[in-house]
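A quick write-up on the structure given underneath.
The structure presented is a predicted model; accordingly, all values stated were derived computationally and were not measured.
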Amino acid sequence: MSEDIKAKALNIQCLLDYQADSVVSREVIKKELGTVTFFAFDQGQGLSEHSAPFDAMVQIIDGEAEITISGVKHNVEAGEIIIMPANEPHALQAVNSPFKMILIMIKSE
C-alpha cells in the first residue's frame, strides 16, 4: 500500500486528477490475493479489449463509463458498480465524459 494514504481518511474524488488525453492510474493496495487501483480517464480515452484471469469489480466515482463485457455494452454512472468476470473480454471507454473509477481485482484459483 502506498505509504501516503495508509491509515488516513481521504476524499476518493481527489486521489487522482484528470490529465488531458490520458488515462492515469494509482495502485493503492497490492497484495497476493488482489489489488485496488484508482483510474482517471479523460473523455475519448479508454482501455482496449482484453481479459484477465481474475474477477474484477469496477465502481464509477465520477462521470460515466462505457464498459463492454463479452460484446455487451453497459453505461455505468457515478455511484454504480459492475462485475467483470474472469476470462471474459472487456473494454472501457470514456465516451460522453471523463470518468474516475476504482478497480478491485480479486485473485483466486
Side-chain angles (χ1 to χ4, degrees):
M1 179 187 326
S2 179
E3 289 301 317
D4 61 332
I5 63 169
K6 191 180 212 179
K8 284 186 195 178
L10 299 172
N11 183 323
I12 60 175
Q13 295 283 356
C14 301
L15 286 177
L16 278 181
D17 291 324
Y18 292 111
Q19 294 183 17
D21 302 318
S22 298
V23 175
V24 293
S25 65
R26 180 177 182 185
E27 191 172 69
V28 294
I29 298 174
K30 182 177 183 176
K31 301 287 184 182
E32 185 176 333
L33 295 177
T35 60
V36 176
T37 308
F38 289 80
F39 286 86
F41 292 75
D42 195 18
Q43 186 169 352
Q45 300 300 306
L47 296 177
S48 60
E49 187 175 74
H50 62 283
S51 63
F54 313 110
D55 289 332
M57 184 184 85
V58 168
Q59 179 181 1
I60 305 301
I61 56 175
D62 185 43
E64 177 184 353
E66 180 182 272
I67 301 177
T68 305
I69 302 171
S70 295
V72 178
K73 292 184 180 185
H74 305 270
N75 289 323
V76 187
E77 299 178 358
E80 296 181 329
I81 64 169
I82 192 165
I83 303 298
M84 298 186 302
N87 303 310
E88 296 288 328
H90 55 271
L92 299 93
Q93 188 72 31
V95 176
N96 299 317
S97 67
F99 74 92
K100 292 180 181 179
M101 70 178 217
I102 302 169
L103 173 68
I104 302 169
M105 188 173 307
I106 305 298
K107 299 178 180 180
S108 64
E109 297 180 17

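For Asp62, the side chain to side chain contact (heavy atoms under 4.5 Å, CB included) partners two or more places apart in sequence, or in a different chain, are Gln13, Tyr18, Lys100. The side chain to side chain contact (heavy atoms under 4.5 Å, CB included) search around Asn75 returns Glu64, Glu66, not counting sequence neighbours. Shown here are the side chain to side chain contact (heavy atoms under 4.5 Å, CB included) partners of Asp17, two or more places apart in sequence or in another chain: there are none.
Hydrophobic side-chain contacts under 4.5 Å tie Phe41 into a cluster, directly or through other members, with Val23, Phe39, Leu47, Phe54, Val58, Ile60, Ile67, Ile69, Val76, Ile82, Met84, Leu92, Phe99, Met101, Leu103, Met105.
For the pair Ile83 and Pro85, the tightest heavy-atom approach, listed with the atom from each and the gap, is O-CD, 3.4 Å.
Note on Val95: it does not cluster hydrophobically with Ile61, by side-chain heavy-atom contacts below 4.5 Å among ILVMFWY residues.
If you take CZ on Phe38 and CG on Leu15, they are separated by 5.0 Å, rounding to the nearest 0.5 Å. The CD1 atom of Ile12 sits 4.0 Å away from the CD1 atom of Ile102 when rounded to the nearest 0.5 Å.
Residue pairs that meet the side-chain hydrogen bond (donor to acceptor under 3.5 Å, both in side chains) test with at least one member in residues 37-61, sequence neighbours left out, are His50-His90. Sorted by first then second residue, the ring pair (Phe, Tyr, Trp, His ring centres under 6.0 Å) pairs that include residues 62-86, not counting sequence neighbours, number zero.
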